[in-house]
Amino acid sequence: MAERVPTVPITIDGVEMEATAGETVLQCARRHGVDIPSLCFLEGLSPVGGCRLCVVEVAEDLRLRPACATTVTSDMEVTTQSSRLRSYRRSILELLFAEGNHVCAVCVSNGACELQDVAVRCGMDHVRYELQAPRRRVDASHPRYVFDPNRCILCTRCVRVCDEIEGAHVWDVAHRGHGAELVTDLHRPWGESTSCTWCGKCVASCPTGALSHQGSSVGEMRHTPDMIAWLVAARRREWTEREARR
Amino acid sequence: MAAPIDLHEVAEREREEQFRTPLRVHVCHSTSCATAGSGAVLQAARDLAEGDLASSVAVSPTGCMGLCSAGPLLRVVERGGGQHDYHHVTGAAAERIVRHHADRGAAVPEHRLDTALPFFARQHRVVLANAGEIDPDRIESYVAHGGYAALERALTSMTPEDVLDQVRRSRLRGRGGAGYPTANKWALLAAAPGPVKYVVANGDEGDPGAYMDRTIMEDDPHRVLEGIALAAYATGARHAYIYVRAEYPRAVERLDRAIKVARRNRLLGRRILDTDVDLDIEIRIGAGAFVCGEETALLASIEGRRGTPRLRPPYPTERGLFGAPTMINNVETLANIAPIVANGGDWFASIGTPGSTGTKVFALAGDLVNTGLIEVPMGTTLRDIVEDIGGGMTEGHTFKAAQTGGPSGGCIPARYLDTPVDYDSLRALGSIMGSGGLIVMDDRTRMPDVARFFMEFSKDESCGACAPCRAGTVQMHHLLTTISSGRGRRRDLRDLEHLCAVVRDTSLCGLGQTAPNPVLSTLQYFRDEYEALIAPAEGGHG
Ligand SMILES: Cc1cc2nc3c(=O)[nH]c(=O)nc-3n(C[C@H](O)[C@H](O)[C@H](O)COP(=O)(O)O)c2cc1C
Ligand code: FES
């Protein structure tokens, strides 16, 4: 018999619902079919609250809160859609588009890109800001994968999945601010990495065309980020069963 | 284990030593005066004291005397208590001045500094009480000025709760910028489950132009240690860190020496002063990133990780350094603790205003006659600081704005000169107290340029972890550059204001949340300057 998990009542966009104690606002909203845009969040990894797309208003709280990293509390009143939030989300997306080279028409992930999807869903149809047009060097030294930093939005899913799930910690962020970039090992070409296990979880998790399989052509790349949550769940189940057998 | 220091005896001996010669010469050897050449002054004075004036003159280097713009500074103290200060002193001048005092018992008119000047008279020194008086490298000098008496009293006759209670009564608020009540933070750490807890002194001081904390650490290192020791005693922590930026090598060196000397004298380490209290303090050197002053980034940096802020909650008092409950206090906050414990919280609360008690140290800079390091009671008006202490604007110019809080703060225009400088009044004007940077600008300053300067700083110091701050500061800086150069269009101004709101409201940490402040406050008070820069075809004024 499944254990009864304690629940707490919360209100999201005026609708009362039961939240599972300990879950985040984002998880609760998604279970109830409420769409909160997100990019850096990936089920199965620890949240970092970096992209800020999921920010919501919480009653009596002056600050906006990232839904992906805010735990539900009893009688919490959350607003996920307001004209202010919608306008902020569009601006953040425009900032991301202006920061990299997100030219969908020539991208391996065209048509299957989380950044593209979120932009469409949030109604971002043009970019008001100066395009930064970076010229970062593509790393195609790995026999199986390619990293194009010009398409990277620094969500750090790859960093976390490699560290937390694979346990290899190949990826990390170097430098800061507008100079921040992802590096493999001690800033050596990926293909020379001695810690990379070729597991491909970083590629699977990537929300854009920044990480792809060698040889993918325009629009061919399919990421499988949901795999991470399955993996975590499967490991957890295996543990519980093993524990039960002991 | 060596016997602990006998504070009383050391103080007595030191005071006797001070009366050995009829004259004592203090040479300000703080960083600013050292840069201006106080080394030669010190040498000249020492040559006399070791030569023919050995019986009548003793020389001591001291910390910052305050009027940095007039350095090197020299002070002659007579046994009878008389005191004479000199400015812009050179080695040759020092020799003349000291000889004159020794031979004739009278002051020299040249280089003479009038200590009745409002610059000195209007100040109230609590944190900087010892600066200009003690030799930072000698613990005896600190002890002779009452140093470590508060710690001794606390350990021998007060409970941790008594110490906390004095801090509570003082109503001291954090000097690191946000002004959070210090006692509340201490109470949280005291209530946190032990046994492992940490106290961290934040000496990162990243605001451009600010040097309050550096001066405190360099010129009175034992005061910082005593403050930390009292904080640790009150909260049950047995381990503390001081986080200092690598750009402050003198502060690191002096603190390091002070820690060693304090350990040797059983003021730190195991069984302090033969009580059953233990405390160790370690120095951690940061690499100079502004964001590492943010408390969670600072903790990551101490742990040896990348200095990036993380989400709060959990707050450091719940989960801090190495996962243990941790309290972060600014260096100036901690420098107030020994006087509070020595004189009582009520004494401290009687200084300043009810909502902002005590004093505040400012690095007064800009287009003023006098600039330097000042300490004033909270609630002193900006006008008093600018006109009395600062001596007014430089010849032929008028006041335009005062900038407080550095890249996180705002500009205050002339019509608010009578505002008292306290946490709440400054916030009401769209600025913040900040850590103590105070830049006064005259009528030649173009405010959009000021905003652009600070935005460039924030853009370069953003850690890059959250999108709005990382990419938003770049765009705001770009828009400010366009507008400043006169190529801006009305749309740019609109986009700029919108981005200010986005970055302020959605950024992860205080850096991004406050980075728009210099733009917002200059737009609030000097909007016409922005409008005038908008290209005329676009419907600007100019
Ligand atoms: C970007 C940023 C930089 C900061 N830099 C400093 C600093 O250099 N020194 C400091 O004491 N506090 C700094 N703070 C504030 C700290 O996070 C923290 O609030 C403070 O050290 C707490 O000490 P207090 O309560 O004594 O003020 C900074 C905060 C932010 C957001
Ligand atoms: S999904 Fe919550 S901040 Fe990115």
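Note that the structure is predicted; figures quoted are calculated from it, not measured. Per chain, numbering begins at 1; letters A, B, ... match sequence-line order.
Each of B:T482, B:L311, B:T473, B:V503 has some count of heavy-atom pairs under 4.5 Å with chain A, and the biggest count is that of B:L311. Heavy-atom pairs under 4.5 Å with chain A were tallied for B:A501, B:G472, B:A465; the largest tally goes to B:A501. Heavy-atom pairs under 4.5 Å with chain B peak, among A:S87, A:A98, A:C155, at A:S87. Contact tally against chain A (heavy-atom pairs below 4.5 Å) for B:S458, B:A471, B:A289: the top residue is B:A471.
Residue A:Q132 touches chain B through its side chain alone, counting heavy-atom pairs closer than 4.5 Å. Both the backbone and the side chain of A:E130 come within less than 4.5 Å of a heavy atom in chain B. Contact of B:V502 with chain A is made through backbone and side chain together, with heavy-atom distances under 4.5 Å. Looking at B:L508, the atoms closer than 4.5 Å to chain A (heavy atoms on both sides) sit in the backbone and in the side chain alike. Heavy atoms closer than 4.5 Å to chain A are found nowhere in B:L479, neither backbone nor side chain. The part of A:V55 that comes within reach of chain B is its side chain, from C-beta onward, which places non-hydrogen atoms under 4.5 angstrom from that chain. Only the backbone of B:S507 comes within contact range of chain A, with heavy atoms under 4.5 Å apart.
For the pair A:D35 and A:R30, the salt-bridge criterion is not met [side-chain N within less than 4.0 Å of a carboxylate O]. One finds no salt bridge joining B:E205 and B:R214 here, because no Lys/Arg side-chain nitrogen approaches an Asp/Glu carboxylate oxygen to under 4.0 Å. Using a cut-off of 4.0 Å between Lys/Arg side-chain N and Asp/Glu carboxylate O, A:E164 and A:R160 are scored as not salt-bridged. Between B:R310 and B:E294, no side-chain nitrogen of the basic residue sits less than 4.0 Å from a carboxylate oxygen of the acidic one, so the salt-bridge criterion is not met. A salt bridge is defined here as a Lys NZ or Arg NE, NH1 or NH2 lying under 4.0 Å from an Asp or Glu carboxylate O, and A:R176 with B:E461 meets this definition. Salt bridge annotation for B:E497-B:R527: present, with a cationic side-chain nitrogen under 4.0 angstrom from a carboxylate oxygen. The residues A:D148 and A:R151 are annotated as salt-bridged, a charged nitrogen and a carboxylate oxygen being separated by less than 4.0 angstrom.
Within a 6.0 Å sphere centred on CZ of B:R427, other residues, nucleotides and ligands contribute 12 heavy atoms or fewer.
A ring pair (Phe, Tyr, Trp, His ring centres under 6.0 Å) check over residues 447-483 of chain B, counting only residues at least two apart or in different chains, returns the pairs B:F290-B:F457.
Residues of residues 56-67 of chain A that come within less than 4.5 angstrom of chain B, heavy atom to heavy atom, are A:R63, A:L64, A:R65, A:P66 in numerical order.
Across every non-hydrogen atom of B:V291 and B:P309, the tightest pair is CG2-CG, 3.7 Å.
Results of the side-chain contact (heavy atoms from CB on, under 4.5 Å) test with A:L211 over A:C158, A:S109, A:S205 single out A:C158 as the only residue that passes.
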